[in-house]
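Each chain gets a letter, A, B and so on, in the order its sequence line appears, and its residues count up from 1.
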2 protein chains.
Amino acid sequence: MFLSKSFGYALRGILYVALKDTEGRKVKLGEIAEKLSVPRHFLAKIMKLMVQEGILSSIKGPYGGFLLNENTLTAKLIHLVKITDGVEQFNTCVLSLRKCNSKNPCPLHYQMLKLRDGMLAEFSKTTIGDLLNQETPDFIKSISVI
Amino acid sequence: MFLSKSFGYALRGILYVALKDTEGRKVKLGEIAEKLSVPRHFLAKIMKLMVQEGILSSIKGPYGGFLLNENTLTAKLIHLVKITDGVEQFNTCVLSLRKCNSKNPCPLHYQMLKLRDGMLAEFSKTTIGDLLNQETPDFIKSISVI
DNA sequence: TCCAAAAAGGATATTGACATCTTTTTTGGA
DNA sequence: TCCAAAAAAGATGTCAATATCCTTTTTGGA
Ligand code: FES
Ligand code: FES
């Protein structure tokens with residue numbers, strides 16, 4: 001449903017680190033990939049992107065791993081979309097006709113506009129921290145496949 | 001934005017036929033493909049699917065082509081989605097984790113649920129005829145690439 | 001100083017959506 | 001009866017997202 005697998009991996013990966021990074025514990029790629037059932041090397045690239053974007057930190061070498069930084073919890077979902085899928089989709093015509101435009105609307109334009117704007121608004125305001133604070137009975141389960 | 005190109009081709013194709021099929025005129029594949037700038041042979045398969053699904057008719061041979069039938073104008077958008085993309089996406093988790101389920105929600109479940117249900121409702125009620133009746137200044141332009 | 005562990009980087013493989021090309025079937029009219 | 005036009009069917013090609021594998025860089029500790 002319009003979000004790529006890469007986005008899902010990014011979100012689940014960063015959430016997993018946020019859950020496990022308590023008292024300076026670093027979280028290793030292998031652990032994340034295994035616990036979330038995500039292809040390890042593919043996840044590596046996505047984690048690296050988040051590090052490069054500054055919303056996550058990493059340390060190389062033995063005793064290294066991924067850890068939160070001051071931007072992680074306030075990072076917005078739209079930022080993850082930017083990293084993985086590109087944010088253009090929010091102003092591209094759903095029929096792939098052209099740049100979406102109310103001056104020259106496609107037959108689905110008005111039906112989709114409100115839905116898409118709702119989604120954009122949601123993704124622009126929701127942060128990683130917000131997701132962690134939702135009262136989910138078993139959060140770790142919620143980001144796993146089962 | 002979550003709708004496949006195939007869906008767009010199907011929708012634009014059926015709308016084009018609806019626009020041009022006046023007084024029993026049949027619309028040829030080549031004309032549709034050319035006017036809508038859609039790959040001809042790919043469109044052929046999608047048009048055929050719509051015919052097989054009974055929401056469009058076709059006649060082979062010289063003077064053949066595509067034409068409306070009694071189901072065309074009342075066909076719902078969700079039907080086109082079924083034909084081209086499959087309707088599973090409306091009850092699949094946006095993070096591709098599992099069958100979407102409020103008993104075992106993913107971190108984005110509640111945010112997405114309302115948006116997705118809105119979309120499903122919209123697609124379940126809107127018909128091809130509805131789209132044709134929207135007052136768009138130049139409808140033919142609205143289904144073209146430009 | 002060296003080693004092993006871990007992230008980073010880069011090369012290759014797979015897959016499914018999308019696109020193109022060819023052959024077959026159907027059919028109205030000369 | 002035959003031909004040409006059109007849809008239907010099927011075979012093959014392309015490309016980007018996804019996945020896997022291998023190599024390089026970094027670094028804490030023995
Ligand atoms: S023009 Fe197609 S969604 Fe706006
Ligand atoms: S469980 Fe993920 S969207 Fe419902």
[X] has an atom [atom1]; how far is it from atom [atom2] of [N], in whole Å?
X     : N      : atom1 : atom2 : result
B:K5  : D:dA16 : NZ    : P     : 10 Å
A:Q89 : D:dA16 : CD    : C1'   : 15 Å
B:L67 : D:dA7  : CG    : P     : 11 Å
B:I32 : D:dA6  : CD1   : P     : 12 Å
A:M47 : C:dA6  : CE    : P     : 15 Å
B:R25 : D:dA6  : CZ    : P     : 12 Å

* Hey, what do you get for CG (A:L95) to CD1 (B:I143), rounding to the nearest 0.5 Å? ->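 Nearest 0.5 Å value for the CG-CD1 distance: 10.0 Å.
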* **Straight-line distance of B:F139 CZ to B:L132 CG, nearest 0.5 Å** =>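 It is 5.0 Å, given to the nearest 0.5 Å.
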State which of [options] makes the closest approach to the side chain of [X].
X     : options               : value
B:S6  : C:dT20, D:dA7, C:dC18 : C:dC18
A:R40 : C:dA7, C:dG9, D:dA19  : C:dA7
B:K60 : C:dA8, C:dA7, C:dT27  : C:dT27
A:H41 : C:dA8, D:dC22, C:dC18 : D:dC22

* Sub-3.5 Å donor-acceptor pair from the side chain of B:T72 to the main-chain atoms of B:I55, do we have one? ->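 Checked: pair present.
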* Structure fact -> Whichever of A:A44 and A:P62 has the more 5' nearest nucleotide on DNA chain C, that residue is A:P62
* Asked: If you look at every strand shown and take non-hydrogen atoms under 4.0 Å, does B:Y63 touch a base, only sugar-phosphate, or nothing?
  -> sugar-phosphate
* Using a cut-off of 4.0 Å on non-hydrogen atoms, how would the nucleic acid contact of A:G30 be classed: base, sugar-phosphate, or nothing? -> nothing
Respond yes when some side-chain nitrogen or oxygen of [X] is under 4.0 Å from OP1 or OP2 of [N], and no when none is.
X     : N      : value
A:S58 : C:dA6  : no
A:K28 : C:dA6  : yes
A:Q52 : C:dA7  : no
A:Y9  : D:dT18 : no

Nucleotide opposite [N] in a Watson-Crick or G-U pair, distances under 3.5 Å:
N      : result
C:dA6  : D:dT25
D:dT12 : C:dA19
C:dA30 : D:dT1

* Does a side-chain N-to-carboxylate-O contact under 4.0 Å join A:E122 and B:K114? ->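 B:K114 and A:E122: salt-bridged.
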* Record whether the side chain of A:K45 comes under 3.5 Å of the base of D:dT18 through a donor-acceptor pair of N or O atoms. => no
* To do: Let me see the working for B:L68 and B:L56 under side chain to side chain contact (heavy atoms under 4.5 Å, CB included), right down to the final yes or no.
  => CA-CA 5 Å; B:L68 301 193; B:L56 193 65; 4.3 Å; yes
* To do: Report the relative orientation of the aromatic rings in A:F123 and A:F7; use parallel for angles under 30°, tilted for 30 to 60°, perpendicular for over 60°.
  => tilted
